[in-house]
Amino acid sequence: MNMSYKNLTYEIQNRINIIAINRPEKLNALNMQTFSEIDHAVKLSIANSDIRLIIITGVGEKAFIAGADIKELVSFTMEQAFELSESGHKILSETIENSPKPIIAAINGYALGGGLEIAMACHIRIASENSKMGMPEVSLGLIPGYGGTQRLPQLIGKGRAMDMIMTGKMIDANEALAFGLINYKTSQEQLMIFTKDLAKRILLNSSNGIKNAIKSVNANYIDGINGYGVEINEFSKCFETKEFIEGTTAFLNKRDPDFN
Ligand code: COA
């Protein structure tokens with residue numbers, strides 16, 4: 001199935017859904033239509049039982065997403081900005097970060113501002129060596145508005161996050177790897193090959209186990225929630241699944257599990 005979106009390409013290959021932001025002439029800048037298409041596409045994939053993993057990337061060789069569309073922001077009032085930020089937070093948190101299916105960001109170039117914020121909401125980040133990542137908002141008289149002030153310190157630590165946010169500087173894939181901002185760095189040619197290969201390795205495992213693990217890890221970052229308690233619940237729930245029976249039976253019979 002190939003869905004048609006104005007600013008995205010959407011394809012499914014071997015149970016993997018590849019969503020690519022497709023406004024390369026604007027460096028895949030995130031206007032409101034693109035943002036709502038991403039939300040729609042990810043929700044559609046989560047609801048589709050033929051899909052087990054989602055990859056988000058950008059079309060072209062230059063950009064993943066070069067941030068929110070500045071042309072659109074320029075005339076916003078405070079009330080409109082509040083709504084924009086609030087709805088963006090909902091998409092990044094509820095649709096992407098808390099997706100029960102793994103979401104990998106394949107960063108193929110500039111990941112700035114809202115682009116880096118989307119990548120940070122994904123579960124795993126892989127960047128090609130030409131990538132540049134940064135939070136340039138203060139250079140526009142703004143601050144990150146899609147969770148960047150929270151997720152960046154979670155991923156790289158407060159001091160480095162303060163530095164990136166206050167200077168607005170861009171870092172390359174080597175530095176991002178050293179910071180733990182990305183999980184892997186590849187050549188430009190290898191980015192999608194490596195990403196699909198990693199996806200295939202993840203797909204060998206129990207999708208129910210992965211879903212429960214995502215929920216448990218994310219629980220650590222929700223105020224007022226005891227993550228250890230969530231883990232106990234999610235762990236015990238696994239024992240009522242066919243995948244638990246398959247995984248343990250396969251191990252005891254010295255064969256590979258088949259979770260498909
Ligand atoms: N919003 C709107 N348009 C954007 C954009 C954004 N965030 N980022 C790039 N574009 C547009 C440019 O306006 C240009 O459009 P045009 O050809 O109609 O003038 C096109 O994309 C190409 O960008 P350009 O600036 O010419 O490319 P470059 O290679 O010289 O520079 C960047 C690349 C990423 C350094 C530069 O585009 C940039 O700084 N973008 C803004 C990044 C930013 O501040 N993002 C955070 C927003 S909150």
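Indexing begins at 1, ligand by ligand and atom by atom, following the structure's order. FYI, side chains are in, hydrogens and waters are out, and symmetry mates aren't considered; it's all heavy atoms of this structure.
Heavy-atom neighbours of Asn253 CG from other residues, nucleotides or ligands within 6.0 Å: above the threshold of 12.
Using a 4.0 Å cut-off between a side-chain N of Lys or Arg and a carboxylate O of Asp or Glu, Glu94 and Lys43 do not qualify as a salt bridge.
Gly113 approaches Pro136 most closely through the heavy-atom pair N-CD, 3.5 Å.
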Please produce the table of protein N or O atoms sitting under 3.5 Å from N or O atoms belonging to ligand 1, one pair a line, distance to 0.1 Å.
| from | atom 1 | to | atom 2 | distance (Å) |
| --- | --- | --- | --- | --- |
| ligand 1 | 1 (N) | Ala68 | O | 3.4 |
| ligand 1 | 1 (N) | Ile70 | N | 2.9 |
| ligand 1 | 7 (N) | Ala66 | O | 2.8 |
| ligand 1 | 7 (N) | Ala68 | O | 2.9 |
| ligand 1 | 15 (O) | Lys26 | NZ | 3.4 |
| ligand 1 | 18 (O) | Lys26 | NZ | 2.3 |
| ligand 1 | 29 (O) | Lys62 | NZ | 2.5 |
| ligand 1 | 45 (N) | Ala66 | O | 3.1 |

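Classification of the Tyr5-His40 ring pair by plane angle, with boundaries at 30° and 60°, yields perpendicular.
Rounded to the nearest 0.5 angstrom, Thr34 OG1 and Ile65 CD1 are separated by 8.5 Å.
Hydrophobic clustering, defined by side-chain heavy atoms of Ile, Leu, Val, Met, Phe, Trp and Tyr closer than 4.5 Å, groups Ile202 together with Ile16, Ile18, Leu53, Ile55, Ile104, Ile124, Ile126, Tyr184, Leu191, Met192, Phe194, Leu198, Leu203, Ile210, Ile214.
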